[in-house]
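First the proteins, then the strands, lettered A, B, ... as listed; each starts at 1. Keep in mind that this is a model prediction, so the values were computed, not measured.
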Number of protein chains: 2
Amino acid sequence: MRTVTIADVARHAGVAVSTVSYVLSGKRAISATTRQRVLDSVRVLGYHPNAGARALASKRANVIALVLPLRAGMNLPVLMQFATSVVATARQYDHDVLLMTADEGPDGIRRVAASAMVDGLLLMDVEVRDTRVPLLRDLGEPSVLIGFPADAEGLTCVDLDFHQAGALCAAHLAERGHREIALLGAPEVVYERGTGFAERTRAGFLAEATGRGLHAVAVPCEETYDEVASAVKLLFDAHPGLTGLVVHNEAAVGHVLGALRALGRAVPEDVSVVAICPDDIAERARLTSVLIPAEELGREAVRLLMAKLDGLPAGSILLEPRLTIRESTR
Amino acid sequence: MRTVTIADVARHAGVAVSTVSYVLSGKRAISATTRQRVLDSVRVLGYHPNAGARALASKRANVIALVLPLRAGMNLPVLMQFATSVVATARQYDHDVLLMTADEGPDGIRRVAASAMVDGLLLMDVEVRDTRVPLLRDLGEPSVLIGFPADAEGLTCVDLDFHQAGALCAAHLAERGHREIALLGAPEVVYERGTGFAERTRAGFLAEATGRGLHAVAVPCEETYDEVASAVKLLFDAHPGLTGLVVHNEAAVGHVLGALRALGRAVPEDVSVVAICPDDIAERARLTSVLIPAEELGREAVRLLMAKLDGLPAGSILLEPRLTIRESTR
DNA sequence: GTCAGGTGTCGAAGCGCTTCGAAATCATTT
DNA sequence: AAATGATTTCGAAGCGCTTCGACACCTGAC
């Protein structure tokens, strides 16, 4: 069963090879009758263009690389949703997806780029000081990052708008009449690393709360139960009138609820809790939350990458956060 | 920055293009001095072979497709471990991985195979009557399946040996002196679908138990708490002397423990529980368990596929189950 | 000194596709 | 009726690589 080539199609349809190519790519006008004849032959013979040959001749592989941080400890549901969305969206643009793990590091990126195996790259979970970022810059390979590195100048990045997410949570609590609220954030070290999203959430939260004349504080939060409990206790000791809590730390969310219970503060009767975390965690605990829009992230990332492949300029975008109201706020 | 071609390397090293090719592929003997000169040039120029050209000329893409069931409700940790392992192992064989979702279905497989985009396929989560299996058969594309379809004749499959896993659980309980044991399996519909692994576990469990002269029963098990609780209750009503339980249903594991607690049966004091489930679930609940060896599965699957690509015959393999003893059995 | 048989290297022919310039065809205009 | 311009199709030249057959050289045997 020899594979069907474009020459077979051409012969079968009684036209030149180039004509078949033009019918398939639509890059030149072909008369309706010829076009139909060619398409019929394609169908009859079951022709599929050879990817290698096409890539070689056109200098376009029609493949994008998806670089995932496939290490333990990732938020898997988010990652999965994202990957699924990327694959599906890429297919819509007639592209396939090459899966890479972050642990091949910069070399892997250099390799696939230099071998023209992919036309562009999608990097998930970009860190603030990511070693791959400078490489990406001078490699000149079209790419889209999920997350913002320290210096995003000249790069295309997609992320949730954490500033607005923080603000949204503060606003939600304010509208419910809470006057004294707090943000329990990421562990200390995360802020020290200068991780963008933690910092931005905090800024948005404080700005919005202050703007609305609320009394607001933001404190970091470790992830073991004991540390969370003591942080919560300290918070209420210092601010007895606290009635609203925003938790931006998925690992700590459960412990915060436990700690509140231990302190005898009922949710949502005594204190309202808003989480910024993946949907499944919030769903399970019935928490009002701002979710990570993984699917939208994937879709937008691919869209932007495709635009870049077409030579269009593509700026970074921040996705608007959406608050889902559940049972933990009133 | 034009890309470096093999001709550039040849010129730089003062040899013919074919010589460079042979140095790189090792398919013909090249003198040590020439080889070194070529390798130096490769390094100096930063040469990476063009994947498309290579694929076209050699009819080998050096890419394998990984078809994952990226739908909700999958066991994500297992899937992730598996994917990671596949990518890492493939890289060891100098191959890359094209990520596909099962929802492109048979057409997707036909497409990537016909376009010579991949050399072989890895399908995860194969169902008993999988529409892709007949296609795979007559497509003749090298492939390895994770899981066993109804008729595995002529196919290469890799899976945990569920029969032995069931037997292992029964044996473990028998050795601990339990005389009356039960298997809580998958939901009814799963058996009705004829899903292989559920059935095989049950068979192995019953065979081993019976062989050792134990009194054993196997019942299906739904996945909501209420249904699990009533199933557990019915089980103990019918078999008051029951002291050993095997749970082969990851979604129900937690509920089973809850139901036992509700019935006032302590684990492991009154009843020993063995689970067949992913490691993380068992780990969290401190359950003695047989885990799904996702990483090994990925590694073996790639190994088999590579063997097939080299034209070697590759039979199916069943991975030996391993029991991890934790705190739920005595 | 010649010849057989290795080694090591080269040149050229593709692999299947895209794309460019040119040819062929047809419809309009003068 | 010839010339012009559009429209449609063709042919051929690559894209960068692998691989086959051939050539050149060297060794050792006779």
Starting at [atom1] of [X] and ending at [atom2] of [N], how long is that distance when rounded to a whole Å?
X        : N      : atom1 : atom2 : value
A:Arg54  : D:dG16 : CZ    : P     : 18 Å
A:Asn62  : C:dT18 : CG    : P     : 10 Å
B:Asn50  : D:dT18 : CG    : C1'   : 13 Å
B:Arg60  : C:dC15 : CZ    : C1'   : 16 Å
A:Met117 : D:dC17 : CE    : P     : 13 Å
B:Ile6   : C:dC10 : CD1   : P     : 12 Å
A:Asp8   : C:dC15 : CG    : P     : 11 Å

Exercise for review: Under 4.0 Å between any heavy atoms, over every strand shown, what does A:Ser21 touch: base, sugar-phosphate, or nothing? Just pick one.
Suggested key: base
Practice item. Give A:Val17 one of three labels, base, sugar-phosphate or nothing, depending on what nucleic acid heavy atoms sit under 4.0 Å from its own. Key: base
Review point. With a 4.5 Å heavy-atom cut-off, do A:Ile30 and A:Val15 have their side chains touching?
Key: no
Review point. Quick one: does A:Leu24's side chain get under 4.5 Å of A:Leu39's, heavy atoms only?
Key: yes
Point to revise | Nearest-nucleotide 5' precedence on DNA chain C, A:Ala53 against B:Val15 | key: B:Val15
Can you give me every donor-acceptor pair (side chain of residues 63-70 of chain A, partner residue at least two apart or in another chain, under 3.5 Å) with its distance?
none

Point to revise | Distance-only donor-acceptor test, A:Tyr22 side-chain atoms vs C:dC20 base atoms, 3.5 Å | key: yes
Practice item. State, without any angle test, whether A:Thr34 and A:Ser31 hold a side-chain donor-acceptor pair at a distance under 3.5 Å. Key: yes
Return no unless some side-chain N or O of [X] is found under 4.0 Å from OP1 or OP2 of [N].
X       : N      : value
A:Thr19 : D:dT9  : no
B:Lys27 : D:dT19 : yes
A:Lys59 : C:dT19 : no
B:Ser18 : C:dC10 : no

Pairs under 3.5 angstrom, nitrogen or oxygen only, protein versus nucleotides 6-8 of chain C, please.
none

Review point. Is a salt bridge present between A:Arg303 and A:Glu300, judged by a nitrogen-to-oxygen distance below 4.0 Å?
Key: yes
Revision key, fill the gap. DNA chain D nearest-nucleotide lookup for B:Leu56 and B:Ser25: closer to the 5′ end is B:Leu56
**Study point:** side chain to side chain contact (heavy atoms under 4.5 Å, CB included) assessment of B:Leu136 paired with B:Leu121
**Key:** CA-CA 9 Å; B:Leu136 237 37; B:Leu121 298 153; 3.7 Å; yes
**Study point:** Heavy-atom closest pair, residues A:Glu141 and A:Gly120
**Key:** OE2-N, 4.1 Å
Exercise for review: Please tell me which of the listed nucleotides, C:dT19, D:dG16, D:dC17, lies nearest to the side chain of A:Ser58?
Suggested key: C:dT19
